[in-house]
Engineer: 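Submitted below is the structure of interest, expressed as structure tokens.
By convention here, the first residue in the shown sequence is residue 1. Both ligands and their constituent atoms are indexed starting at 1 by order of listing.
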Amino acid sequence: MTEILPPTPGGIARAAAMLDDGQIVAFGTETVYGLGADATNGVAVTGVFAAKGRPDFNPLICHYASADAAFMDVVASATAHRLAELFWPGPLTLVLPRRADCRVSSLAGAGLPSLAVRVPSHPVALALLGAFGGPVAAPSANLSGHVSPTSVVHVLAGLSGKIAAILDSGPCRVGLESTVLDLCGPSPTLLRPGGVALEALEAAIGPVQRQPLAAGHAIRAPGMLRSHYAPALPLRTLADDVGPHEALLAFGPPLPGAGLVFQLSEAMDLPVAAARLFEGLRWLDEQASAHGVTGIAAMRIPDSGLGRAINDRLGRAAAPR
Ligand code: AMP
Ligand code: MG
């Protein structure tokens, strides 16, 4: 049985005690729901990989209540401090060299010399991290390769009975995963576009290298898997028409001809579309058979601001499985 805990002081204290006991607890953040475990406990971390069916070469992000707590486990450069001041708490993950006395189990970091760290801004997540008092390793709370969860119902759909508890934190404001920025090399490199726009990062620290998602390109970040975030239905991007058995993922005035439409944002508001994307992919999957739909046509989305993160997720959803 998976317990649903309320976002009250009692629920948060119980979730923290369960983490302390080595159990796995899902909790909401401003990005998506995370599948949390005590990052210093190798056995608990193994349970996270097992529950998700995640390959263990794909490292987990460690979550902290503050930048000071995060920088106890990694070596933070001046750039890291500046980004932490500007964007934490918030949807930015920094990849930094592990300290020699890093508390995090090497299993959580997939044995790498670097560690991905973040301070989330969701008040319930921050309260949980504060109550627990140590690093919490947390990938998205979905089965590996599937669409990330932005509600308790989504978490239950994939992991009911496989994890100890879910701390109900309400909906996720951003709705897309964090931006992952690698600060280990000579210049900052974007490993995953996400909730903090590239433009905002570049305004703060200057040019950021992009990691292209090209077929055959060597995977620099383990787990930057090409096929990911995949709905059950096949999906194609940049659609400018709709086939007879296709549903439409619309952005702005819908293309004509679709019987089943999920509107990301009629007003073409990118943050609104980002927050609705995963909900939309799940909804279209659920509705498909009743509408005789066998695929999704996704309309074009501008490749700027949060649009970059949306396009990244759609590109992976559309990739060969
Ligand atoms: P998820 O846990 O599903 O949000 O995914 C976390 C992402 O962060 C994955 O794509 C990982 O590959 C990436 N990541 C985590 N730790 C590291 C690291 N040490 N170096 C590079 N990428 C990392
Ligand atoms: Mg994930």
Engineer: If you compare all heavy atoms of Gln263 against all heavy atoms of Gly252, which two are closest, and at what distance to 0.1 Å?
Structural biologist: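 Scanning both residues, the minimum pair turns out to be NE2-O, 3.0 Å.
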Engineer: What about Leu159 and Tyr33, same hydrophobic cluster or not, with Ile/Leu/Val/Met/Phe/Trp/Tyr joined at side-chain heavy-atom distances under 4.5 Å?
Structural biologist: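 Leu159 clusters together with Tyr33.
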Engineer: Does only the side chain of Leu191 get under 4.0 Å from ligand 1, or the backbone, or both, or neither? Count heavy atoms.
Structural biologist: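 Side chain only; the backbone of Leu191 stays clear of ligand 1.
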Engineer: Can you tell me how far CG of Leu284 sits from NE2 of His291, rounded to the nearest 0.5 angstrom?
Structural biologist: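 If I round to the nearest 0.5 Å, the distance is 10.0 Å.
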Engineer: What atoms of ligand 1 come closer than 4.0 angstrom to any heavy atom of Ser114?
Structural biologist: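 Here the atoms of ligand 1 in question are 18 (C), 19 (N), 20 (N).
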Engineer: Could you check whether Arg236 pairs with Asp241 (Lys NZ or Arg NE/NH1/NH2 to Asp/Glu carboxylate O, under 4.0 Å)?
Structural biologist: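 Yes, Arg236 and Asp241 are salt-bridged.
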Engineer: For the pair Arg308 and Asp312, find out whether any cationic side-chain nitrogen is under 4.0 Å from an anionic carboxylate oxygen.
Structural biologist: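 Judged by the 4.0 Å cut-off on N to carboxylate O distance, Arg308 and Asp312 do not form a salt bridge.
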Engineer: Work out whether the distance between some heavy atom of Ser140 and some atom of ligand 1 is less than 4.0 Å.
Structural biologist: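 Per 4.0 Å heavy-atom rule, Ser140 contacts ligand 1.
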Engineer: Which of the numbered atoms in ligand 1 are under 4.0 angstrom from any heavy atom belonging to Val95?
Structural biologist: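 With Val95 as reference, the close atoms of ligand 1 come out as 18 (C), 19 (N), 20 (N).
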Engineer: List, by chain and number, the other hydrophobic cluster members for Ile205, where Ile, Leu, Val, Met, Phe, Trp and Tyr join if side-chain heavy atoms come within less than 4.5 Å, directly or indirectly.
Structural biologist: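 Under the 4.5 Å side-chain rule, Ile205 groups with Tyr64, Phe71, Val74, Leu83, Leu86, Phe87, Trp88, Leu92, Leu94, Leu96, Val104, Leu115, Val117, Val119, Leu126, Leu181, Leu183, Leu190, Val196, Leu198, Leu201, Val208.
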Engineer: Holding to side chain to side chain donor-acceptor pair (under 3.5 Å), I want the full list of residues that pass it with Glu286, two or more places apart in sequence or in another chain.
Structural biologist: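 Glu286 satisfies side chain to side chain donor-acceptor pair (under 3.5 Å) with no other residue.
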Engineer: Only heavy atoms count here, so choose which of Lys52, Arg98, Arg54, Glu177 is nearest to atom 3 (O) of ligand 1.
Structural biologist: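 When every heavy atom of Lys52, Arg98, Arg54, Glu177 is considered, Arg54 comes closest to atom 3 (O) of ligand 1.
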Engineer: Output side-chain donor-acceptor pairs under 3.5 Å for residues 18-26, partner residues at least two apart or in another chain, one line each.
Structural biologist:
unit_1, atom_1, unit_2, atom_2, d
Asp21, OD2, Gln23, NE2, 3.0

Engineer: Please state which option from Pro59, Ser148, Pro97 has its nearest heavy atom closest to atom 15 (C) of ligand 1.
Structural biologist: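 Nearest option to atom 15 (C) of ligand 1, by heavy atoms: Pro59.
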Engineer: What protein N/O/S atoms lie closer than 2.8 Å to the Mg ion (ligand 2)?
Structural biologist: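 The answer is Ser140 OG.
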Engineer: Atom CZ in Arg103, atom CG in Asn41: separation rounded to 0.5 Å?
Structural biologist: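 Reported to 0.5 Å precision, the distance equals 14.0 Å.
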